[in-house]
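Structure record follows, encoded as structure tokens.
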Amino acid sequence: QSMVLKVIDLENGDSKAAFKNVNMDMRNYKRIKMYVHAEAINEETLNDGDISVFLRIGSDYTSNFYEYEIPLKLTSWYESDADLIWPFENEFDIPFELFQSVKQIRNNALNDSQNNQINSYNDLFEYFDGNNKVSVLGNPNLGDVKSIMIGLRNPETTNDISSKSAEVWVNELRLTDF
């Protein structure tokens with residue numbers, strides 16, 4: 001299934017999302033995948049990375065979740081090449097072991113007396129996996145997923161504080177490698 005997410009004048013640092021309540025045990029799978037397409041609205045000026053898409057899974061939306069965020073590569077208007085419409089750089093292809101590894105890195109940082117980055121499980125912990133950001137908050141459990149959220153974010157920056165407008169298509173959210 002596909003879904004379109006359209007934001008108009010999304011403020012610097014703000015995000016908007018759609019969500020679905022589920023009751024799933026994802027431990028029997030190794031990966032979660034989804035295709036993503038992004039374009040400017042009405043041929044406005046928008047650059048690659050001005051908008052990001054995120055996928056959040058957890059037992060709730062605010063206190064116990066894993067999140068994966070990708071800065072979006074935009075497709076030009078009137079493009080007809082499928083590889084440019086659904087660019088590889090926008091595709092979610094997340095191994096679940098990455099979430100577990102980032103959670104372990106966070107837990108090790110909590111136990112490190114020299115740590116000054118994070119003080120508790122209630123602090124958002126962010127880890128960069130190349131260009132993409134992996135976050136963990138609280139104590140999420142892939143065996144008891146209650147919520148899936150897909151959203152758009154105008155990453156907070158000080159060098160470009162303008163609002164952004166974009167249309168983003170997400171397609172075929174799926175679990176793989178049973």
Side-chain angles (χ1 to χ4, degrees), residues 1-22 24 26 28-58 61 65-102 126-136 140 142 145 147-178:
Q1 300 247 340
S2 296
M3 178 172 62
V4 65
L5 302 167
K6 191 174 188 178
V7 291
I8 308 291
D9 295 329
L10 186 63
E11 295 293 324
N12 184 36
D14 199 6
S15 60
K16 299 292 180 190
F19 64 89
K20 180 173 178 123
N21 294 325
V22 296
M24 298 181 75
M26 295 185 177
N28 291 322
Y29 300 89
K30 291 184 181 175
R31 305 179 91 78
I32 189 166
K33 295 183 174 188
M34 182 172 60
Y35 299 111
V36 181
H37 159 83
E39 62 187 46
I41 294 177
N42 299 327
E43 299 185 61
E44 292 179 15
T45 302
L46 195 64
N47 298 310
D48 288 348
D50 280 354
I51 293 279
S52 61
V53 62
F54 64 89
L55 175 66
R56 182 181 289 184
I57 58 176
Y61 304 110
F65 61 81
Y66 296 107
E67 183 177 286
Y68 195 85
E69 182 176 345
I70 299 173
L72 288 170
K73 180 177 172 109
L74 301 170
T75 299
S76 302
W77 276 58
Y78 311 111
E79 183 58 62
S80 60
D81 182 341
D83 291 334
L84 297 175
I85 293 171
W86 301 96
F88 173 77
E89 296 88 345
N90 291 356
E91 183 178 341
F92 283 93
D93 185 359
I94 311 164
F96 284 129
E97 68 183 26
L98 175 63
F99 286 145
Q100 295 161 339
S101 295
V102 170
E126 298 175 338
Y127 176 85
F128 286 90
D129 174 28
N131 289 330
N132 304 327
K133 181 170 59 172
V134 184
S135 303
V136 63
L142 291 173
V145 174
S147 63
I148 299 174
M149 179 184 286
I150 302 169
L152 303 178
R153 182 172 288 132
N154 181 352
E156 187 168 9
T157 63
T158 55
N159 59 345
D160 179 7
I161 61 169
S162 64
S163 60
K164 308 288 188 237
S165 301
E167 183 171 306
V168 176
W169 286 80
V170 292
N171 193 19
E172 295 183 27
L173 178 65
R174 62 211 181 274
L175 298 170
T176 65
D177 301 339
F178 182 74

Taking it one step at a time, do S147 and N21 satisfy side-chain hydrogen bond (donor to acceptor under 3.5 Å, both in side chains)? CA-CA 5 Å; S147 63; N21 294 325; 5.9 Å; no
Rounded to the nearest 0.5 Å, what's the gap from [atom1] on [X] to [atom2] on [Y]? Could you check?
X	Y	atom1	atom2	value
M24	Y29	CE	OH	6.5 Å
T75	D48	OG1	CG	9.0 Å
E39	L74	CD	CG	9.0 Å
I94	E67	CD1	CD	10.0 Å
L55	I150	CG	CD1	6.0 Å
M149	F54	CE	CZ	6.0 Å

Can you list the steps and then say if L152 with K16 is a side-chain contact (heavy atoms from CB on, under 4.5 Å)? CA-CA 6 Å; L152 303 178; K16 299 292 180 190; 5.7 Å; no
If you compare all heavy atoms of [X] against all heavy atoms of [Y], which two are closest, and at what distance to 0.1 Å?
X	Y	result
N132	P71	OD1-CD, 3.4 Å
D81	D83	OD1-N, 2.9 Å
N154	D50	OD1-O, 3.7 Å
M34	V170	SD-CB, 3.7 Å
I148	M26	CD1-CE, 4.0 Å
I85	E79	CD1-O, 3.5 Å

Are more than 12 heavy atoms, taken from residues, nucleotides or ligands other than [X], located less than 6.0 Å from that residue's [atom1] atom?
X	atom1	answer
K30	NZ	no
F96	CZ	yes
L84	CG	yes

Report yes if the side chains of [X] and [Y] come closer than 4.5 Å at any heavy-atom pair, otherwise no.
X	Y	answer
V53	N90	no
Y68	D129	yes
S165	D9	yes

Dump the intermediate steps for side-chain contact (heavy atoms from CB on, under 4.5 Å) on R31 and L175, then the final yes or no. CA-CA 6 Å; R31 305 179 91 78; L175 298 170; over 6 Å; no
Check against side-chain hydrogen bond (donor to acceptor under 3.5 Å, both in side chains), E167 and W169: CA-CA 7 Å; E167 183 171 306; W169 286 80; 3.1 Å; yes
Steps toward salt bridge (charged side-chain N to carboxylate O under 4.0 Å, His left out) verdict (R153, D14): CA-CA 6 Å; R153 182 172 288 132; D14 199 6; over 6 Å; no
Where do V136 and F99 land on the side-chain contact (heavy atoms from CB on, under 4.5 Å) test, with the steps shown first? CA-CA 8 Å; V136 63; F99 286 145; over 6 Å; no
Output, in order, the C-alpha distance, side-chain angles, deciding distance and verdict of side-chain contact (heavy atoms from CB on, under 4.5 Å) for L46 and K164. CA-CA 7 Å; L46 195 64; K164 308 288 188 237; 3.6 Å; yes
Output yes when a side-chain donor or acceptor of N12 lies under 3.5 Å from a complementary backbone atom of T157, and no otherwise. yes
Ring of Y35, cation from R174 - is the NZ or CZ under 6.0 Å from the centre and inside 45° of the axis? yes
Under a 3.5 Å threshold, yes or no: a donor from one side chain and an acceptor from the other, between E69 and S52? yes
